[in-house]
2 protein chains.
Amino acid sequence: MSLHDGSVPRPKSANGRTGRPPVTSRAQILAAARQLIDRDGWEKLTVRRLAAELGIGPTTLYHHVRDKEDLLLLLLNEYVGQVPPPELPSDPAERIVVSATTMHDALSAWPWALEILTVDGFLGRLDDSARWIVELVLAAAVDAGCTPEQAVHVFRSIWYYTAGEILVRAHSAHVRGDDGQPLDRTLLANLKATQLPHLASVANKWSVLAAEDNYEPALRAFVTGLLAQPGR
Amino acid sequence: MSLHDGSVPRPKSANGRTGRPPVTSRAQILAAARQLIDRDGWEKLTVRRLAAELGIGPTTLYHHVRDKEDLLLLLLNEYVGQVPPPELPSDPAERIVVSATTMHDALSAWPWALEILTVDGFLGRLDDSARWIVELVLAAAVDAGCTPEQAVHVFRSIWYYTAGEILVRAHSAHVRGDDGQPLDRTLLANLKATQLPHLASVANKWSVLAAEDNYEPALRAFVTGLLAQPGR
DNA sequence: ACCTGAACACCGTTCAAGT
DNA sequence: ACCTGAACACCGTTCAAGT
């Protein structure tokens, strides 16, 4: 790497700055990206569309962000950094629940953010503005009697549950059978009731049950179970 | 839809069958797809590569599978259907743990299969050969005293945890910092220790802890917590 | 310093024509 | 009945040339 700041000769211009004037900025790009996602959905965010949105050439973007992954990471840090911290209860176990729920709700509202987190190994790519949520969970776990190492395991377990819930639910949201029927019908239709009796007994209400939000009660059960583990 | 079976006039040929002879088959396509994934990795499975592998034109594939999603689903059902059923213990709670672990281990070995499951709303798209794993968990939960409805919630919670664990770990596996350093360094480097003390205290061993397999103990804690929930 | 169009190396899928 | 090449409508990214 031989690049270092200020090594490039700069042609002076009238206004004291140098070179061709910018037609956009990183801030503008991020704002446009967010607008595009909110309007057309996450899967429509492509480098080319984003450029078109801004009225610039696709290649111009590469002067403001390293690549698409970099863009997504910037977007994510910005978003998580703006999540307001929750009111924390004094009971440590309940504090874990509230902290995790805050994380969950923030990411549920922006499920695409979670896809970035999953793909990128998440923690290492966030900056401090986003990592405070992790800190909350760790602190509460330590308060509940965990060693720092155990607290990390508690956090990870909760993170897996939370990430799975959001990802699966986000993707299942509007899935229908081939014919547009809700899945119950399909489920029932080709089910050998004699071989799978329990599945058969709930097949006709599966999609109703699957639509119910059970995140928090199950999370509470998980936290209780984790904190009650032997060997601590 | 005006298509119905046998409505197309068929030119007879010498061997008693009709039309141009096939150069491949669905079974051959699935076998080649699996080989391609095992050899080059899941992300290299594209319609065009798969066709090249088989020595046929990309468009020929569309006579044997509806589209790429259909191909993945066929692949997945085949795989899950071949998973051997586990030895089940008599204790219902432990039976949930063993059943879920079987599901987990099978999908861990084939993480790309899980991506399909997540994307496609999973359950409704599987056939009976794959759904027996769900049945095992439901049956065990009912044996443990759950109503069928509660059993579905138990299954879903466990599924979220399992799916999250596999997805996050599969994607985090080989993530390094920009400079190829393990993430601990990056984590430590830009960490404001005074603001995030608990995170700071584990930063240097984070990646070691994150590499530890904690699936089963945490699952057991989860199951214990779920079955101990009030209001049942 | 910043922007641009052309180009590269890909995708999944459709469709008319051939055997 | 099955196969084919050409074509469509896209991707992310690089690079030499322009202002």
Side-chain angles (χ1 to χ4, degrees), chain A residues 3-29 32-33 36 40-75 115-116 119-120, chain B residues 3-29 32-33 36 40-75 115-116 119-120:
Chain A
L3 267 177
H4 55 99
D5 238 41
S7 67
V8 191
R10 312 167 162 225
K12 291 237 161 155
S13 80
N15 59 10
R17 296 198 69 326
T18 57
R20 187 171 178 169
V23 299
T24 189
S25 65
R26 179 175 279 198
Q28 244 179 72
I29 290 170
L36 208 160
D40 300 338
W42 147 247
E43 46 302 314
K44 293 295 171 59
L45 177 66
T46 68
V47 173
R48 293 171 117 101
R49 271 173 188 270
L50 179 54
E53 192 82 3
L54 289 159
I56 61 176
T59 56
T60 305
L61 281 171
Y62 287 85
H63 288 271
H64 298 93
V65 297
R66 190 158 33 79
D67 51 22
K68 197 184 178 183
E69 192 189 303
D70 186 40
L71 170 70
L72 298 178
L73 235 32
L74 291 168
L75 225 40
E115 314 220 21
I116 306 168
V119 173
D120 287 337
Chain B
L3 266 178
H4 55 99
D5 236 41
S7 66
V8 191
R10 312 170 160 221
K12 292 237 160 152
S13 82
N15 59 9
R17 298 203 59 334
T18 57
R20 186 171 178 170
V23 300
T24 189
S25 65
R26 180 175 279 198
Q28 244 179 69
I29 291 169
L36 208 160
D40 300 339
W42 146 248
E43 47 299 317
K44 293 294 171 57
L45 177 66
T46 68
V47 173
R48 295 170 117 99
R49 269 172 189 271
L50 179 54
E53 193 82 2
L54 288 158
I56 60 176
T59 57
T60 305
L61 280 172
Y62 287 86
H63 288 272
H64 298 93
V65 297
R66 190 156 35 76
D67 51 22
K68 197 184 179 183
E69 193 189 303
D70 186 39
L71 170 71
L72 298 178
L73 235 32
L74 291 168
L75 225 40
E115 315 221 18
I116 307 169
V119 173
D120 285 339

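Lettering of chains follows the sequences in order, A, B, ..., and the numbering in each one begins at 1. When reading the values below, keep in mind they use all heavy atoms of this one structure, side chains included, and skip hydrogens, waters and symmetry mates.
At a cut-off of 3.5 angstrom, counting only N and O atoms as typed in the model, there is a donor on one side and an acceptor on the other between the side-chain of B:His63 and the base of D:dC3.
Sorted pairs that involve residues 54-65 of chain B and meet side chain to side chain donor-acceptor pair (under 3.5 Å), not counting sequence neighbours, are lacking altogether.
For the segment residues 47-59 of chain A, the set of residues with a heavy atom within less than 4.0 Å of an atom of DNA chain C comprises A:Arg48, A:Ile56, A:Gly57, A:Thr59, in numerical order.
When rounded to the nearest whole Å, the span between CG of B:Leu45 and P of C:dC11 equals 10 Å. Between the OH atom of A:Tyr62 and the P atom of D:dT14 there is a distance of 7 Å, given to the nearest Å. Between B:Lys44 atom NZ and C:dG12 atom P the separation is 13 Å, expressed in whole Å. One can place CZ of A:Arg66 at 14 Å from C1' of D:dG12, the figure rounded to the nearest angstrom. Rounded to an integer number of Å, the gap from CD of A:Glu43 to C1' of D:dG12 is 17 Å. Spacing between atom CD1 of A:Ile29 and atom P of C:dC2 amounts to 11 Å, rounded to whole angstrom units. Atoms NZ (A:Lys68) and C1' (D:dC11) sit 8 Å apart, rounded to a whole Å.
Contact between B:Asp40 and B:Lys44 at its shortest, heavy atoms only, is O-CG, 3.4 Å.
Contacts of A:Thr24 with the nucleic acid, taken as non-hydrogen atoms under 4.0 Å apart, involve only primed sugar atoms and P, OP1 or OP2. As judged by a 4.0 angstrom heavy-atom cut-off over every strand, A:Thr60 is placed among the base-contacting residues.
Comparing C:dC3, D:dT13, C:dG12 against the side chain of A:Arg20 picks out C:dC3 as the nearest.
In terms of phosphate contacts, A:His64 brings a side-chain nitrogen or oxygen within less than 4.0 Å of OP1 or OP2 of C:dC3.
Comparing D:dC15 with C:dC3, their C1' atoms are spaced 13 Å from each other, to the whole Å. Distance noted for atom C1' between D:dC8 and C:dC10: 15 Å (whole Å).
The only option from A:Leu73, A:Leu75, A:Val47, A:Leu74 that meets the side chain to side chain contact (heavy atoms under 4.5 Å, CB included) definition with A:Val65 turns out to be A:Leu74.
The line from CZ of A:Arg26 to CG of A:Leu71 is 9.5 Å long, rounded to the nearest 0.5 Å.
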For this session: Return one dot-bracket line describing DNA chain C 5' to 3' (Watson-Crick or G-U wobble pairs, both distances under 3.5 Å; ( ) same strand, [ ] crossing, | another strand, . none).
Result: ||.|||||...|||||.||

